[in-house]
Amino acid sequence: MARSASEPYDLAVLGAGPAGIAGAVAASEAGLSVALLDASEQTGGQYFRHPAPTLRARRPHALHHDWPAFARLRGRLEASTADHLRAHHVWTVTRESADAWTVHALTGADGDGEHPVRIRARAVLLATGASERHLPFPGWTLPGVVAAGGAQAMLKSGLVLPGRRIVVAGSGPLLLAVASSLAAAGAHVPAVVEASGYLGYARHPRALATNPHKLLEAAAHGSVLLRHRVRPLTRSAVTEAHGTDRVEAVTVTRLDRHWRPVPGTGRRIACDALAVGQGLVPQTELATGLGCATRRTPDGTTALALDGLQRTSVPGLWAAGETGGVGGWLLARVEGELAGLAVAAQLRGRPAPGGRVAELRRRRDRMRAFADAMAAAHAPGPGWTGWLTDDTEVCRCEEVTAGHVREAVSGLGARDARTVKLLTRAGMGWCQGRMCGAAVACLAAAGTAEGTVPPSAERRPLAVPVPLGVLAAQPEAAQPEAARPEGTEPEAARPEAAEPEGTGPEGGAGPHGRADPA
């Protein structure tokens, strides 16, 4: 149970995925009082999402790789003194003084609890994970078209499949994991459609050689796909989905090295579901609202710039896991532990255990090198906009088409996503640009010289929807930065306050059968 407002925690950890759990455990075992907040009722984040107890799954571990390692980490959390605050939806974090932070959260399964809460802490560790990047195409709003990670979440937490004949498409290593999970669960997967390919990894032999577990993981997925006769199609993309009441087929087209469709290469594949995703995007809203410095990753996303001990550019604020760049659960766990030890050392005024910290930093750097190689291999090319017809919806919430965005650029002079938003309302809907942001930014820039999707410069002051009554009840000092009058922001929240030492769609899916591993 959360402490009273007069009793601050030493550390508040935001996110109960692998990075957050590891950070909470390390800090707690080092003697700190820790609050671990997460919107879910269960630990594990998106990677170790597992069925609700009411489903009575007999073998939930069958849906996961490395489940025993996660179970051990979760056991350490349960044995620690850390307070796990479930169903806490953090909407902003404010800094009250040099060593005093307030975390503002809504409670309840959907953030609809009667009483919002404030958690005070001397330091904050952000472990908020990542969300999926979506690049639209004709037909992507049809029922049965779901996010690749969304399909996996349906399977892991609901024990259901989005369809029985499922094409998996997009780019990135998540596709292999999703396809193998769906196939093992009883779905027929006619193809895995990868827009980039895998030869790009060969440009990073050292990263491959120092991360053999990644090769073993890929081999495990590959063996499942081979056993179920799933066809991999590289340098290809789903450029159109067909159907009336739901998706019935997709057109798969060959791509050139810039992701431009090759004329005359389209072929039709029948399916009743499409799981599609173009990689992951770090969730950094809370950090950028506080003025944390960021960096651009090799695949065009924006991640936090962190030093060798996982510190952000804002003193008292650490980050771990996908917020610093997408790299998988093992990297997240290492970064979480490193951050937890670093926080404990600073707050206790004692040096961190040198041997353990050095080992964690070596492992972190090795896995981060592979993560950068992976991002570079699957970076979207600028030619993907050639998939879009003018009547393709880009912003689903506001029903803004690619033609409307192109008109804003060519006819009205828009040159960035913000101007396009003002002219077309793209990004002003319920998701606040989380679904369409990358696509609108790319269309606004008409591609980039680097050949990647330009990052969005947006900064959201609120991480989740908040009732106006909750905002009105906040004292002025606790209002998020963007809500303050111009020029009144606290010095610590400004981007120039400190520098780091180094850098360390779902569409509607109809009801379908229960998956075999249940």
Side-chain angles (χ1 to χ4, degrees), residues 131-143 145-148 169-171 195 237-242 247 250-251 253 255-256 258-261 263 266 274 276-281 284-285 288 296 299-302 379-460 505-508:
S131 58
E132 289 194 80
R133 173 165 52 193
H134 308 288
L135 301 182
F137 52 89
W140 77 305
T141 58
L142 279 170
V145 179
V146 301
S171 187
V238 169
T239 54
E240 187 171 3
H242 310 277
V247 63
V250 296
T251 293
T253 306
L255 304 178
D256 67 14
H258 297 296
W259 285 35
R260 291 187 295 250
L274 168 64
V276 59
Q278 305 291 348
L280 301 174
V281 179
T284 61
E285 294 97 331
T288 54
R296 189 172 182 182
D299 63 345
T301 64
T302 298
W384 75 268
T385 56
W387 311 348
L388 303 179
T389 59
D390 279 347
D391 61 354
T392 303
E393 282 191 3
V394 173
C395 174
R396 301 167 65 147
C397 300
E398 295 293 325
E399 299 181 345
V400 179
T401 65
H404 291 142
V405 177
R406 286 167 174 156
E407 173 60 22
V409 173
S410 62
L412 301 176
R415 291 293 179 269
D416 55 55
R418 176 176 173 79
T419 307
V420 170
K421 176 193 288 188
L422 295 175
L423 293 172
T424 68
R425 293 189 59 83
M428 289 189 181
W430 180 254
C431 81
Q432 288 293 286
R434 289 172 175 84
M435 292 278 289
C436 66
V440 171
C442 195
L443 285 169
T448 64
E450 295 85 358
T452 57
V453 176
S456 172
E458 293 179 310
R459 293 172 61 183
R460 301 184 183 93
E506 71 183 54

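Contact detail for Glu132 and Ala147: the closest heavy-atom pair is OE2-CB, 3.0 Å. Shown here for Val394 and Cys436, the closest heavy-atom pair between the two residues is O-CB, 3.4 Å. Across all their heavy atoms, Met435 and Cys431 have their closest contact at N-SG, 3.4 Å. Nearest heavy-atom pair across Leu142 and Ala241 is CD1-O, 3.9 Å. Minimum interatomic distance between Ala417 and Ala444 (heavy atoms only, all atoms of both residues): N-CB, 3.9 Å.
Here the straight-line distance linking atom NE2 of His404 with atom CD of Glu399 works out to 10.5 Å at 0.5 Å rounding. Thr301 OG1 to Arg296 CZ: the interatomic distance, rounded to the nearest 0.5 Å, is 9.0 Å. Interatomic distance, Glu398 CD to Glu393 CD, rounded to the nearest 0.5 Å: 10.5 Å. For the atom pair CH2 of Trp387 and OG1 of Thr251, the computed distance is 13.0 Å after rounding to the nearest 0.5 Å. To the nearest 0.5 Å, atom CD of residue Glu240 and atom CG of residue Leu388 are 11.5 Å apart. To the nearest 0.5 angstrom, Met428 atom CE is 12.5 Å from Cys397 atom SG.
In terms of modelled atom types and a separation under 3.5 Å, the side chain of Trp384 and the main chain of Phe137 share no donor-acceptor contact. With Thr401 contributing its side chain and Asp390 its backbone, the two residues share a donor-acceptor pair below 3.5 Å. Panel note: side chain Thr419, backbone Arg415; no donor-acceptor pair is recorded below 3.5 Å. Arg133 contributes a side-chain N or O that, together with a main-chain N or O of Gln278, makes up a donor-acceptor pair within less than 3.5 Å.
Under the 30°/60° scheme for interplanar angles, the aromatic rings of Trp140 and His134 are found to be tilted.
Val420 is not listed as a side-chain neighbour of Leu443, based on a closest heavy-atom distance of 4.5 Å or more.
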